[in-house]
Peer 1: 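Below is a structure I'd like to ask you about.
Since the structure is predicted, the reported quantities are computational estimates derived from the model, not experimental observations.
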Amino acid sequence: MQTLESGNKHKGYRRIIPSMTALLQFESVARLKSFTQAAKELGVTQAAVSKQVKVLEENVGAQLFHRLHRSIDLTHEGQALFAIISESLQRIATVFDTINHGGGRKEITLGATASFSQFQIMPRLAALQAQMPELQLRLATQMFTGDLRTQVTDLDVRYGNGKWVDGEAILLFDEEIFPVCSPAWLARNAMPTTLDELARASLLEADSTSEGWMNWQGWFKALGLSTHKLHYALRCNLHANAVHAALHGHGIGLGWGRVVEHLLYSGELVRLRPFSVHPTDAYYVVIPHGHSATAEDWAVIRWLQDRAPLSALS
């Protein structure tokens, strides 16, 4: 039998929180930093989202967003509300996941770019499955690093300076960038021995904006050679395509060491020495604000940080 005290308590919740719809729509706007994108995600009109947020602001008696000319920012009150709503929704989602899986396999959603997923996660996936057979990993792959901030994940792998406002960044490992090609290409062409010779070789380009990474122009500049007369055999907007072009013998690509290390180990790609750049940016895993990292999350982070030789993982 429900007591009078518990009945009043639930009525109090309804009085203080009159609209769960408004809270969900506020969370979407705050996470995406856009009324338009939130409306698309929720399948409603922008006007409907704006109205719900306005109702919520009237109910709490405070402005939740700074409406700027081309963007929006959370106010102090908005940040406080967003933090607790995000954490609460994550806990609810965890309970749903547990119920759906019968209390068995734990699912973790890991966000990463296409190149990182293909060339770093896949070759090491067997090691994770051996360590955590009860874990259900869900990869949320995006083409661009920036896109990782607009999806709901437990963990995000990003490349950059580690300074992101939407979560706690934990260093995974640094990076080294050097030219790579296939043995077949090297058999048909002379090995470049200077930067000038390399600049005149058949280069495979990937846009610097696609992964937040360096392109050939930036790489040569970092080594003190400024040139606009590079010879491109192929230009790609994704680094993964440039890597596959190198594997098929179409030219020399920029090898991001952590990404192509398994291809070097297998002999499918060859590193052209002694050219190398060590960028200041690095790889991080980001725990989004509002998500309380679980023991399973930390196990995945340790797996990502593990730099065991690939021979040990075979």
Peer 1: Mind listing the closest non-hydrogen atom pair of L42 and Q25 along with its distance?
Peer 2: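 What the structure gives for the nearest pair is CD1-CG, 3.6 Å.
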
Peer 1: For the residue pair V44 and V49, establish whether any side-chain heavy-atom pair is separated by less than 4.5 Å.
Peer 2: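 Yes - at least one pair of side-chain heavy atoms lies under 4.5 Å apart.
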
Peer 1: Apply the test side-chain contact (heavy atoms from CB on, under 4.5 Å) to residues Y284 and L172: give CA-CA distance (whole Å), side-chain angles for both, the deciding distance (0.1 Å), then the verdict.
Peer 2: CA-CA 5 Å; Y284 295 83; L172 291 179; 5.5 Å; no

Peer 1: Please report the C-alpha distance between E41 and L32 in whole Å, then the side-chain angles of each, then the deciding distance to 0.1 Å, and finally whether the side-chain contact (heavy atoms from CB on, under 4.5 Å) criterion is met.
Peer 2: CA-CA 9 Å; E41 179 181 81; L32 299 174; 4.0 Å; yes

Peer 1: Please name the pair of heavy atoms, one in L135 and one in L128, separated by the smallest distance, quoted to 0.1 Å.
Peer 2: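 Minimum heavy-atom separation between L135 and L128: CD2-CD2, 4.0 Å.
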
Peer 1: Is there a side-chain contact between T153 and P288 (heavy atoms, below 4.5 Å)?
Peer 2: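 T153 reaches P288 side chain to side chain.
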
Peer 1: Working note: W256 + Y159, criterion ring-ring contact (aromatic ring centres under 6.0 Å, His included); need CA distance, chi angles, decisive distance, verdict.
Peer 2: CA-CA 12 Å; W256 293 73; Y159 178 80; 5.4 Å; yes

Peer 1: Check the pair K33 / D166 against salt bridge (Lys or Arg N to Asp or Glu O under 4.0 Å), numbers first and verdict last.
Peer 2: CA-CA 11 Å; K33 293 188 175 181; D166 58 337; over 6 Å; no

Peer 1: Remaining members of L204's ILVMFWY cluster at a side-chain heavy-atom cut-off under 4.5 Å?
Peer 2: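 Taking Ile, Leu, Val, Met, Phe, Trp and Tyr as members, L204 shares its hydrophobic cluster with L234.
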
Peer 1: If hydrophobic clusters are built by linking Ile, Leu, Val, Met, Phe, Trp and Tyr wherever their side-chain heavy atoms come under 4.5 Å apart, do V55 and F82 end up in the same one?
Peer 2: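 Result: no, two separate clusters.
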
Peer 1: With a 4.5 Å cut-off on side-chain heavy atoms, are V60 and E77 touching?
Peer 2: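 They are not in contact (no side-chain heavy atoms under 4.5 Å apart), so the answer is no.
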
Peer 1: Measure across F178 and S276 and return the closest heavy-atom pair with its distance rounded to 0.1 Å.
Peer 2: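 Scanning both residues, the minimum pair turns out to be CB-CA, 4.4 Å.
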
Peer 1: Name all residues meeting the salt bridge (charged side-chain N to carboxylate O under 4.0 Å, His left out) criterion together with E27; count only those two or more places apart in sequence or in a different chain, and write none if there are none.
Peer 2: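 With neighbours one apart ignored, the set is R31.
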
Peer 1: State which residue, out of R271, R258, R273, fulfils the salt bridge (Lys or Arg N to Asp or Glu O under 4.0 Å) condition with E176.
Peer 2: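 One option only clears the test, and that one is R271.
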
Peer 1: Looking at residues at least two apart in the chain, or sitting in another chain, which of them share a salt bridge (charged side-chain N to carboxylate O under 4.0 Å, His left out) with E268?
Peer 2: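 With sequence neighbours excluded, E268 shows a salt bridge (charged side-chain N to carboxylate O under 4.0 Å, His left out) to no residue whatsoever.
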
Peer 1: Is the backbone of Q63 close enough, under 3.5 Å, to the side chain of T75 for a donor and an acceptor to pair up by distance?
Peer 2: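 Yes; at least one donor-acceptor contact below 3.5 Å.
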
Peer 1: Are the side chain of E205 and the backbone of W216 linked by a donor-acceptor contact shorter than 3.5 Å?
Peer 2: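 At least one qualifying donor-acceptor pair exists.
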
Peer 1: I'd like to check the ring-ring contact (aromatic ring centres under 6.0 Å, His included) partners of F65; sequence neighbours left out, ordered by chain and number.
Peer 2: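 Expected list: F26, F35.
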
Peer 1: Is a donor on one side and an acceptor on the other found under 3.5 Å between the side chain of E197 and the backbone of T193?
Peer 2: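 At least one qualifying donor-acceptor pair exists.
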
Peer 1: Which pair of non-hydrogen atoms, one from A169 and one from G162, has the smallest distance, and what is that distance?
Peer 2: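 In this case the closest contact between A169 and G162 is CB-O, 3.3 Å.
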
Peer 1: Check whether any side-chain heavy atom of F116 lies under 4.5 Å from a side-chain heavy atom of L110, and answer yes or no.
Peer 2: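 Heavy-atom side-chain distance check fails, nothing below 4.5 Å.
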
Peer 1: Roughly how far apart are S202 OG and L230 CG, rounded to 0.5 Å?
Peer 2: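 Separation between the atoms: 12.0 Å.
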
Peer 1: Step by step, would you call F119 with H244 a ring-ring contact (aromatic ring centres under 6.0 Å, His included)?
Peer 2: CA-CA 11 Å; F119 299 121; H244 283 295; 5.6 Å; yes

Peer 1: Would D174 and H278 satisfy side-chain contact (heavy atoms from CB on, under 4.5 Å), going step by step from the backbone distance to the final call?
Peer 2: CA-CA 8 Å; D174 57 8; H278 292 268; 5.7 Å; no

Peer 1: Ignoring hydrogens, what is the shortest heavy-atom contact between S182 and A246? Give both atom names and the distance.
Peer 2: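 Heavy atoms only, the tightest pair is CB-O, 3.2 Å.
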
Peer 1: Can you tell me how far CG of L64 sits from NZ of K54, rounded to the nearest 0.5 angstrom?
Peer 2: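 One finds 10.0 Å between NZ of K54 and CG of L64.
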
Peer 1: Drop me the distance from L198's CG to I252's CD1, to the nearest 0.5 angstrom.
Peer 2: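 It comes to 5.5 Å.
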
Peer 1: Which residue pairs pass the salt bridge (charged side-chain N to carboxylate O under 4.0 Å, His left out) test with at least one member in residues 287-304, sequence neighbours excluded?
Peer 2: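 Salt bridge (charged side-chain N to carboxylate O under 4.0 Å, His left out) check on residues 287-304 returns no pairs.
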
Peer 1: Under the 3.5 angstrom rule, does the side chain of H239 hit a backbone N or O of A114 as a donor-acceptor pair?
Peer 2: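 No, the answer is negative, given that no donor and acceptor are paired below the 3.5 Å cut-off.
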
Peer 1: Short question: side chain of E175, backbone of G257 - any donor-acceptor pair under 3.5 Å?
Peer 2: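 It does hold such a pair.
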
Peer 1: Looking at CD of Q136 and CD of Q129, how far apart are the two atoms once the value is rounded to the nearest 0.5 Å?
Peer 2: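 It comes to 9.0 Å.
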
Peer 1: Kindly indicate whether the side chain of L23, heavy atoms from C-beta on, has any atom under 4.5 Å from the side chain of L56.
Peer 2: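 The answer is yes; the side chains approach within 4.5 Å.
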
Peer 1: Just how far is it from atom OG of S28 to atom CD1 of I85, taken to the nearest 0.5 Å?
Peer 2: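 It is 11.5 Å, given to the nearest 0.5 Å.
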
Peer 1: Can you tell me how far apart CZ (R158) and CH2 (W164) are? Round to the nearest 0.5 Å.
Peer 2: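 It is 6.5 Å, given to the nearest 0.5 Å.
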
Peer 1: Considering non-hydrogen atoms only, spot the tightest contact between G167 and V286 and give its length.
Peer 2: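 Scanning both residues completely, I find the closest heavy atoms to be CA-CG1, 3.8 Å.
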
Peer 1: So V285 and Q305, do their side chains get closer than 4.5 Å, heavy atoms only?
Peer 2: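 Not in contact.
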
Peer 1: Assigning hydrophobic clusters by single linkage (Ile, Leu, Val, Met, Phe, Trp, Tyr; side-chain heavy-atom cutoff under 4.5 Å), is V53 placed with L68?
Peer 2: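 No, no single cluster joins them.
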
Peer 1: Find out whether L74 and L81 are in side-chain contact, i.e. whether some heavy atom of one side chain is under 4.5 Å from a heavy atom of the other.
Peer 2: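 Of all side-chain heavy-atom pairs linking L81 with L74, none is under 4.5 Å.
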
Peer 1: Any sub-3.5 Å donor-acceptor pair from T109's side-chain atoms to D154's backbone N or O?
Peer 2: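 No; judged by distance alone, with no hydrogens or angles, the pair does not exist.
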
Peer 1: Is the shortest heavy-atom distance from the side chain of W219 to the side chain of L203 under 4.5 Å?
Peer 2: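 A side-chain contact under 4.5 Å is absent here.
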
Peer 1: Any chance you could lay out the side-chain contact (heavy atoms from CB on, under 4.5 Å) test for L263 and V243, step after step, and finish with the verdict?
Peer 2: CA-CA 10 Å; L263 299 173; V243 172; 3.8 Å; yes

Peer 1: Please say whether more than 12 non-hydrogen atoms of neighbouring residues, nucleotides or ligands are located less than 6.0 Å from NE2 in H231.
Peer 2: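 It does: H231 NE2 has more than 12 such atoms within range.
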
Peer 1: Mind checking salt bridge (charged side-chain N to carboxylate O under 4.0 Å, His left out) for D196 and listing every partner two or more places apart, or none if nothing turns up?
Peer 2: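 Checked D196 against salt bridge (charged side-chain N to carboxylate O under 4.0 Å, His left out); zero matches.
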
